[in-house]
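Some notes on the structure that comes next.
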Amino acid sequence: MAISSTERGSWNSKLGFILAAAGSAVGLGNIWGFPTKVATEGGAAYLVIYLLCTFLIGFPVMVAELSIGRKSGKNPVGAFKALSSNKFFPLVGLWGVICGVMILSFYTVIAGWAFGFAFEEIFYYLGWNAAADLLTDTGNGWKNAIIASVFMLGTIKIITGGVSDGIEKATKMMMPLLIGIIVIMIGYVLTQDGAMDGVREYLLPDFSKINARLIFSAMGQAFFSLSLGMGALITYGSYLSKKENIPQAAAFVTLADVGIAFLAGLLIIPAMYVAQAAGIDIFVGDQLASSTNLVFQILPALFHTIGGAVGLILGVVFFLLLSIAALTSTISLLEVPVAFVIDEYEVPRKKAAWGVGLGILVVSIIVAFNTSLIGTFDNIFNNFGLPLGGLLMCIFVGYVWKTDSALSEMELGFAGVKQGLFAKIWPIFIKFICPLVIAYNVYQGILGML
Ligand code: TRP
């Protein structure tokens, strides 16, 4: 029995696809991870390397993933099976599904922190200090587990709605809201004392800070932020109509992702210096405060210093923004294993979404009680797993399926692509430049884990 197309689903419109894929891309990685890494890894120098990784390596890989997905019309495992008889590559798809599952398991916990902080701001304003303190305690297992569960149930609910009625509708509403909120907050922060010090740190590069570690970190960040390397875009590409122009859609998604990361940096780096001007300690030794501290301690401290209704509104809005961005990403992380179960085991969507979602929730709850697992999972499945997946996908498209077959798939929605400049440059990136650069990073990742 073949899966009916209504069971698989498809995007209603091009804009819907772009917003969903951009929603997948824009998440904690952009608003939490990126500014943090800019702050700790060399300011504007990091920004420059990140942009190079995104456009020179990420974008070509995204085009490859979308082409695999649309040609095969399948989940990552099914896609590799459909496009070649090689027995190894479906395992690459399976590795992608596993990375997605594991990333989702800790992603919901961090998303839960963000969601909890939106309420913390309200409780703080009301003077309910015990409740507010509970929500700021990122190590509280029960609290983490409960909020992560709420987040996961929301994600499952949207996925059961299917591709166009669930994912597409939800992201179409959330993405414009998100951009609006960021822009308004930037407007506020940049007019505050100290903001310009942050803008300088963010935009004036000191190239002496570039080293192998910075490049490794920027590459991992680019893959994670663009949602590359685990077949999320194979899956989203499988719902894409043959009329659409793949390189153009990929360009929109890449620009949206970079644009929002850039804006988030422009919000958060200056906000740190505003916090400093307000008397909050933002340095740990001579390093800027990093990761969890930055977004989950310094920003709330800033909102509290601002105080009153303005502090409350900024705080609530910021953490809701972070939650919305996270939700459009958890949707894509869950959709991959769900599509895998729907396609390969012919399970109806609702059953697949609940079964897979609740299974991942069990892992999430374990992470909720043992938050030190986050760093470990992040290293294995994100920093190492995604570039590895991306590398193998380049090898697949470059040498097994062949870039020419991918270009033929692109041609359906992009007449004349084979005669243009794109067809001359993109294959060189997929066959040589991307695999070499990514392989170097995978190697660094292995060294880092030893
Ligand atoms: N890109 C998202 C972020 O920046 C995270 C994410 C969603 C992701 N789906 C993915 C990462 C698929 C890798 C693969 O937060």
Side-chain angles (χ1 to χ4, degrees), residues 19-38 50 53-54 58 61-62 65-66 69 75-76 92-93 95-114 151-152 155 158-159 167 170-171 174-175 178 182 217-237 250 253-254 256-265 268 291 295 321-340 360 374 377-390 393 438:
L19 287 179
S24 159
V26 174
L28 295 171
N30 301 59
I31 301 174
W32 180 58
F34 175 71
T36 306
K37 290 188 177 164
V38 170
Y50 169 76
C53 290
T54 302
V61 175
M62 185 183 290
E65 272 203 39
L66 287 173
N75 70 89
V92 175
W95 170 245
V97 173
I98 295 170
C99 286
V101 164
M102 299 307 284
I103 291 176
L104 181 56
S105 75
F106 72 83
Y107 201 93
T108 46
V109 175
I110 305 175
W113 290 341
F151 218 88
M152 184 67 102
T155 307
I158 292 170
I159 293 290
I167 305 177
T171 44
M174 290 192 273
M175 290 304 287
L178 187 133
I182 298 194
S217 161
M219 180 68 74
Q221 175 65 22
F223 265 80
F224 185 78
S225 188
L226 292 168
S227 301
L228 290 178
M230 56 149 281
L233 287 157
I234 293 183
T235 310
Y236 273 25
V253 174
T254 306
D257 186 55
V258 171
I260 294 196
F262 181 77
L263 288 178
I268 290 178
S291 62
V295 167
L321 161 97
L322 201 52
S323 310
I324 293 172
L327 185 58
T328 55
S329 295
T330 51
I331 292 173
S332 85
L333 284 163
L334 181 57
E335 178 63 17
V336 176
V338 169
F340 166 65
I360 299 174
I374 295 178
F377 284 11
D378 187 41
N379 258 332
I380 303 175
F381 300 106
N382 169 21
N383 290 334
F384 169 72
L386 298 181
L388 177 66
M393 283 184 209
I438 303 171

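For ligands, and for the atoms within them, numbers begin at 1 and follow the listed sequence. Everything numeric here is computed off the predicted structure, so don't read it as measured data.
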Tell me: protein heavy atom nearest [atom], and distance?
atom: atom 8 (C) of ligand 1; value: Ser227 OG, 3.5 Å
atom: atom 4 (O) of ligand 1; value: Ala25 O, 2.9 Å
atom: atom 9 (N) of ligand 1; value: Ser332 OG, 2.8 Å
atom: atom 11 (C) of ligand 1; value: Phe224 O, 3.3 Å
atom: atom 2 (C) of ligand 1; value: Ser24 O, 3.2 Å

Under a 4.0 Å heavy-atom limit, does [X] contact ligand 1 with its side chain, its backbone, both, or neither?
X: Leu386; answer: side chain
X: Ser329; answer: both
X: Tyr107; answer: side chain

Against heavy atoms of [X], which atoms of ligand 1 measure under 4.0 Å?
X: Leu28; result: 15 (O)
X: Ser225; result: 1 (N), 4 (O)
X: Asn30; result: 4 (O)
X: Met230; result: 12 (C), 14 (C)

Parallel, tilted or perpendicular for Trp95 and Phe384, by the 30°/60° rule?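 Answer is perpendicular, since the angle exceeds 60°.
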Does an N or O from Ala232, backbone or side chain, lie closer than 3.5 Å to an N or O of ligand 1?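 No: no nitrogen or oxygen of Ala232 is under 3.5 Å from one in ligand 1.
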Could you tell me whether some N/O pair between Gly29 and ligand 1 is separated by less than 3.5 angstrom?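 N/O-N/O distance below 3.5 Å exists for this pair.
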Going by the side chain to side chain contact (heavy atoms under 4.5 Å, CB included) test, name the single residue among Val97, Ile98, Leu333 that passes it with Met230.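 Between Met230 and the candidates, side chain to side chain contact (heavy atoms under 4.5 Å, CB included) is satisfied uniquely by Leu333.
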Between [Y] and [X], is there a side-chain heavy-atom distance shorter than 4.5 Å?
X: Tyr236; Y: Glu65; result: no
X: Phe381; Y: Val101; result: no
X: Ile260; Y: Leu178; result: yes

Supply the atom-to-atom distance Ile103 CD1 to Ile374 CD1, rounded to the nearest 0.5 angstrom.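 CD1 of Ile374 is found 13.0 Å from CD1 of Ile103.
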Does a donor on one side chain and an acceptor on the other come within less than 3.5 Å for Asn75 and Thr235?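 Distance-only check fails for Asn75 and Thr235.
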Ser227 side chain to Ser24 side chain, donor-acceptor N/O pair below 3.5 angstrom: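 The answer is yes; a qualifying pair exists.
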Mind listing the closest non-hydrogen atom pair of Ala25 and Val253 along with its distance?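 The pair with the smallest heavy-atom distance is CB-CG1, 4.5 Å.
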